[in-house]
Amino acid sequence: MTNTSEVNLLTRLDRIPITRGIVALIALLSLVWLAEAFDIGIVGPVLSTLEKSWKLSASQTGLLAIASTLGVVIGMIPSGVIADRYGRRRVVLLGILWFSVLTIIGALVANVWSLFAIRLLAGVGEGAVLPMPYLILSEFTGRSRRAISVGYANGILTAAYIVPSVVSLWALHAYSPDFAWRVPFLLGGIPLLMLIPIYFFLPESPRYLLEKGKIDRVRHMVERLENQASLPHDESLHDDAIQASLEATPHALLDTVLALLRQPLLGRTIMVVLHLTAALLLFYVLQVFGPTLLIARGFATSNSILYTGLMMLLAGVGSIVQGHLSDHYGRKNILSWYVALATVGCLLFAFTSATWSVFLAGFLTAFFGLGIFPVSKLCVAEQYPTDLRGRGVYINEMIARGLSGVVTTYFIPTLLKVWSNETIFFAIAIVLIAFSLPFLFFGRETSNKQLELATSVVPNDKLSLSRVKDRG
């Protein structure tokens, strides 16, 4: 039987609006993603410099391009289990510490294989941290504000990818090419300072705490947020749908990751991982090879790095807009528009070469293609009950990034020598549509559903309608 206090706290948590405490949480998690963005984002600008300075072959360029992402995939293997067993907060702290120290060490290497090894190891920490902000926000915010909160945090993450580009441009003008590529790695230690506010102020996920029986800690957290929102501490509030969802969830079944291989979670996983793979494919091509692709179209190296950074800044705006629209008009409706317009951008890159069309294509692929991730990732978190949410999210990210950021990214330099970059963008357009259609047609709409109801393994029509009633 479900604990009445647990249902009461989840009911009260779901009705809390965006308070200053939630804003502070978004800010802290944005710091987490800011650190992550800098560490991941240095790959593209550094590669555009090293290709000439070290005279890299296509195979070597491919290896360095995938090093961090391969580490990310490896790091995700244990991180989901650790997050579900020992807490979301610990994973964030240890991950940032790990990749920041290794990134500093990366400035000291002198050959391709040493740099590959360092970036691979740093990626392990990145993999631990990367999904955590949207996982925590999905477990903290109410049904009507989940996408907006993730949209702002992800917007800052995406816009922050301009920072490595600006740093690299400055370094290229201030130092010789042999040293300029090392500057971003030296500055990669700055995220260590971010550990201080994150350690002292980042709270643990309330839903994780409830799973571990820490009801008093969650009650204190909920009461603090209610005070900020001027809401009463009403211990009689009770959402029948939450109780029905919790009671219908077979916890014994969810104690093992094998539950992800059974229906209904298997079908959900296949659909969201296909869509996430397509979205990440476009991201990795633009983020890692954006400068190279623009150079091939006649842009100067410095301008190519700057334009790629500006695309990331524009994508940050697209992320925030998507979050707002998704909470109002539904996840799948807004995803459909973003996929369609990003595809148009890819097709413009593929079939036109005029300057105006390149800028229009850049706008569409940045705003809608790179700005698609708040809802894409939130939909992943909204598929799994709390028992398995960490493992489900990490497995999705691991598969999607393995296919897009490792396998495909490795072969891009070779493909560019065989095909034109126009062919690459045409292929991305096809994949973006084909891989997104299953979720857009058959996926579950989770907008404005309480998280326990949205993630229930029992169809929602078999649960009682959501209502809050006074049992006092």
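FYI, the numbering just counts along the sequence from 1. Bear in mind that the values here come from a model prediction, so they are computed numbers and not experimental data.
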When you check the gap from the basic side-chain N to the acidic O, do Arg444 and Glu382 get nearer than 4.0 Å? no

Can you classify the ring geometry of Phe363 versus Phe367 as parallel (below 30°), tilted (30 to 60°) or perpendicular (above 60°)? parallel

Is there a side-chain contact between Gln322 and Leu335 (heavy atoms, below 4.5 Å)? yes

Could you check whether any side-chain heavy atom of Thr103 comes within less than 4.5 Å of a side-chain heavy atom of Ile42, counting everything from C-beta outward? yes

Residue pair Leu451, Arg146: steps toward the side-chain contact (heavy atoms from CB on, under 4.5 Å) verdict: CA-CA 9 Å; Leu451 192 58; Arg146 283 201 300 269; 4.0 Å; yes

Side chain to side chain donor-acceptor pair (under 3.5 Å) between Tyr329 and Ser447, intermediate numbers included: CA-CA 8 Å; Tyr329 300 106; Ser447 175; over 6 Å; no

Quick one, Pro438 and Ile270 - any side-chain contact, counting heavy atoms below 4.5 Å? no

Set out, in order, the CA-CA distance, both residues' side-chain angles and the distance that settles side-chain contact (heavy atoms from CB on, under 4.5 Å) for Lys449 and Arg143, then state yes or no. CA-CA 5 Å; Lys449 287 184 179 178; Arg143 72 185 79 184; 5.8 Å; no

Check ring pair (Phe, Tyr, Trp, His ring centres under 6.0 Å) between Tyr338 and all other residues, then give those that pass, not counting sequence neighbours. Phe368

What is the distance from atom CD1 of Ile104 to atom CD1 of Ile118, rounded to the nearest 0.5 Å? 11.5 Å

Under 3.5 Å, which donor-acceptor pairs do the side chains of residues 276-283 form with other protein atoms, sequence neighbours left out?
unit_1 : atom_1 : unit_2 : atom_2 : d
Thr277 : OG1    : Val273 : O      : 2.7

Member of Val73, Val72, Leu403 meeting the side-chain contact (heavy atoms from CB on, under 4.5 Å) criterion with Met398: Val73

Approximate separation, where rounding is to 0.5 Å, of Ile74 CD1 and Arg401 CZ: 14.5 Å

Which residues share a side chain to side chain contact (heavy atoms under 4.5 Å, CB included) with Tyr410, sequence neighbours left out: Ser59, Leu63, Ile66

Pairs satisfying side-chain hydrogen bond (donor to acceptor under 3.5 Å, both in side chains), at least one member in residues 64-74, at least two apart: Ser68-Arg119

Looking at side-chain heavy atoms only, is the closest gap between Leu10 and Glu6 below 4.5 Å? yes

Do Ser319 and Phe373 come close enough that some side-chain heavy atom pair is under 4.5 Å? no

Can you list the steps and then say if Phe185 with Leu115 is a side-chain contact (heavy atoms from CB on, under 4.5 Å)? CA-CA 11 Å; Phe185 286 100; Leu115 185 58; 3.9 Å; yes

Does the side chain of Leu440 reach to within under 4.5 Å of the side chain of His275, using non-hydrogen atoms? no

Kindly say whether Thr11 contributes a backbone atom to a donor-acceptor pair with the side chain of Asp239 at under 3.5 angstrom? no

Does Arg88 use its side chain to pair, donor to acceptor, with the backbone of Ile136 at less than 3.5 Å? no

Do Val129 and Val91 have side chains that get closer than 4.5 Å, going by heavy atoms? no

Under 3.5 Å donor-acceptor pairs involving side-chain atoms of residues 22-36, not counting sequence neighbours:
unit_1 : atom_1 : unit_2 : atom_2 : d
Ser30  : OG     : Ile26  : O      : 2.7
Trp33  : NE1    : Leu130 : O      : 3.0

Within the side chain of Arg268, is there an N or O that forms a donor-acceptor pair under 3.5 Å with the backbone of Gln383? yes

Could you measure the distance from the CG atom of Leu286 to the CD1 atom of Ile428? Nearest 0.5 Å is fine. 6.5 Å

Closer than 3.5 angstrom, by distance alone: can the side chain of Ser326 be matched with the main-chain N or O of Gly323 as a donor-acceptor pair? no

Check whether any side-chain heavy atom of Thr365 lies under 4.5 Å from a side-chain heavy atom of Phe349, and answer yes or no. yes

Using 0.5 Å steps for rounding, measure from the CG atom of Leu432 to the CZ atom of Phe425. 12.0 Å

Reported OG1-to-CG distance for the pair Thr386 and Leu210, which is rounded to 0.5 angstrom: 8.5 Å

Which pairs count as ring-ring contact (aromatic ring centres under 6.0 Å, His included) when at least one residue sits in residues 130-157, sequence neighbours excluded? Tyr152-His324

Are Lys214 and Glu204 close enough for a salt bridge, meaning some N to O gap below 4.0 Å? no

Go through the steps to decide whether Asn154 and Leu378 satisfy the test side-chain contact (heavy atoms from CB on, under 4.5 Å), and finish with yes or no. CA-CA 10 Å; Asn154 195 88; Leu378 183 57; over 6 Å; no

Is the Lys NZ or Arg CZ of Arg89 less than 6.0 Å from the centre of Tyr199's six-membered ring, within 45° of the axis? yes

For Ser5 and Ile215, work out which heavy atoms get closest and say how close. CB-CG2, 4.3 Å

